[in-house]
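Here the structure is a predicted model, which is why all the values come from computation and not from measurement. Below, chain A is the first sequence line, B the second, and so on; all start at residue 1.
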2 protein chains.
Amino acid sequence: MPAPIMSREELVARLLELFRERGYDGIALSDVSAATSLGKSSLYHHFPGGKQDMGAAVLEQAGAWLERDIVGALSADRPPARRLDAMFAALRAFYGGGTRPCILAALVTGSAHELFQPALGGAFRTWIQALVAMLTEAGVQAAAARELAQDLVVAVQGSLIVARGTQDPDVFRDTLRRQQARLKAALDAAQR
Amino acid sequence: MPAPIMSREELVARLLELFRERGYDGIALSDVSAATSLGKSSLYHHFPGGKQDMGAAVLEQAGAWLERDIVGALSADRPPARRLDAMFAALRAFYGGGTRPCILAALVTGSAHELFQPALGGAFRTWIQALVAMLTEAGVQAAAARELAQDLVVAVQGSLIVARGTQDPDVFRDTLRRQQARLKAALDAAQR
DNA sequence: GTCTATAATAGGATAGAC
DNA sequence: GTCTATCCTATTATAGAC
């Protein structure tokens, strides 16, 4: 019995990397095999349901990250402005400053859309809801908070697409900087 | 010699529909065959290079639409505000009010990214540039125009992703309405 | 310009040894 | 928990008739 070559977390992390870069339908099990140095049978040992199981595991790990680094940052016991900064730092890190695609966007298309829609919808809603909660708690009106939150998520997704399409990560960086300033301004305005 | 069953334009339009909905790697030639009622050999007659040729044809048609309905609207001989309205009308129509994905976003991932990157980058840049030109012509400062233009394209792409992820086209509708108001306001401010 | 038939390969998945 | 070997189906692509 050979010992496990890597932890499940590391394994799923590599899958996530593959899926976000090339999409669900763009990845073959042979790609996974190459990226993990595991034979196909080993992969089926870890994911009995095959590729679909892999997608589910990746989404689960992404959900955990969202919960810990985004929702966690936004609901931390700190001043609202510091919470915002923490979320933006997490976003910049996770998306490699605009060079790495979002796993959610990678899975909204093709077969993944049919297979994982509920989880995808849940992730987007969780993210938006955490932002709304933080903003309203800081005194921003409900309608304005909803608008700001939606705009942020939209801006992240859109700038990642445009950054990749134009091969220019500056779009992501500039967009995030502006969103951060706008949200900060909303917090300041609500403080009065 | 059987007569052609449909025009090339109609043929490519159906391919575009397939690729935007399910992505390049999510479509098999059998899908194309079913959607066009053409046998595989007929498809190879129209696209000797196979699937890659189909992708190129789709991008070419999308580029023509961009040139005619977006760049055309933005550079028409009308007041700037009317040009803006025409662009937004075209966007709402092309994206089915938020229910239909963008072909550019569908092709930034997977094999399509490697195959078509130059055309994709060109399309994004053309769109942004046409907006910048219109805004500066209307008196908006260059830096502000660049920011507004980038934000619009980012907002369109992002809201389509989020709309699809959450199964809620309202995100697209609301986002476009706000972008339209913002751009109108910039035009008004520049008029003085 | 379209068809049927076929080749060649790649894909997802399983069996069974160690 | 990993491997080699194998299966079956789908996929891309071509040949040649009409």
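With Arg83(A) contributing its side chain and Met134(A) its backbone, the two residues share no donor-acceptor pair below 3.5 Å. The closest donor-acceptor contact from the side chain of Arg20(A) to the backbone of Pro101(A) lies under 3.5 Å. In this structure, Lys40(B) contributes its side chain and Val32(B) its backbone to no donor-acceptor pair below 3.5 Å. Judged purely by atom type and a 3.5 angstrom limit, Lys51(B) uses its side chain to pair as donor or acceptor with the backbone of Tyr24(B). Judged by distance alone, with hydrogens and angles left aside, the side-chain atoms of Ser42(B) form no donor-acceptor pair with the main-chain N or O of Leu38(B) at under 3.5 Å. Counting only distance, with no hydrogens or angles, the side chain of Gln157(B) and the backbone of Ser159(A) share no donor-acceptor pair below 3.5 Å.
Across the protein-nucleic acid pair, Lys40(B) atom NZ and dT12(D) atom P stand 7 Å apart, rounded to whole Å. Look at CZ on Phe47(A): it is 15 Å from P on dT14(C), rounded to the nearest Å. Residue Leu43(B) contributes atom CG, which lies 10 Å from atom C1' of dT2(C) at whole-angstrom precision. Atom CE of Met6(A) and atom P of dT2(D) are 8 Å apart (whole Å).
In this structure, of dT2(C), dA5(C), dG1(D), it is dA5(C) that holds the atom nearest to the side chain of Ser41(B).
Proximity of His45(B) to the phosphate of dT2(C): no side-chain N or O atom is located under 4.0 Å from OP1 or OP2. Dashed line: the shortest gap from a side-chain N or O of Tyr44(A) to OP1 or OP2 of dA13(C) is under 4.0 Å.
Using a 4.0 Å cutoff on non-hydrogen atoms, no part of residues 19-32 of chain A comes near DNA chain D. Taking every heavy atom of residues 48-60 of chain A and every atom of DNA chain C, pairs under 4.0 Å involve Gly50(A), Lys51(A), by number.
Donor-acceptor pairing under 3.5 Å is recorded for the side chains of Gln180(B) and Arg92(B).
Screening Asp151(A), Val140(A), Val132(A) for a side-chain contact (heavy atoms from CB on, under 4.5 Å) involving Arg146(A) leaves a single residue, Val132(A).
The base of dC3(C) lies outside donor-acceptor range of the side chain of Ser42(B), with no N or O pair under 3.5 Å.
Using the six-membered ring where Trp is involved, Phe94(A) and Trp65(A) have ring planes that are parallel, under 30° apart on the 30 and 60° scheme.
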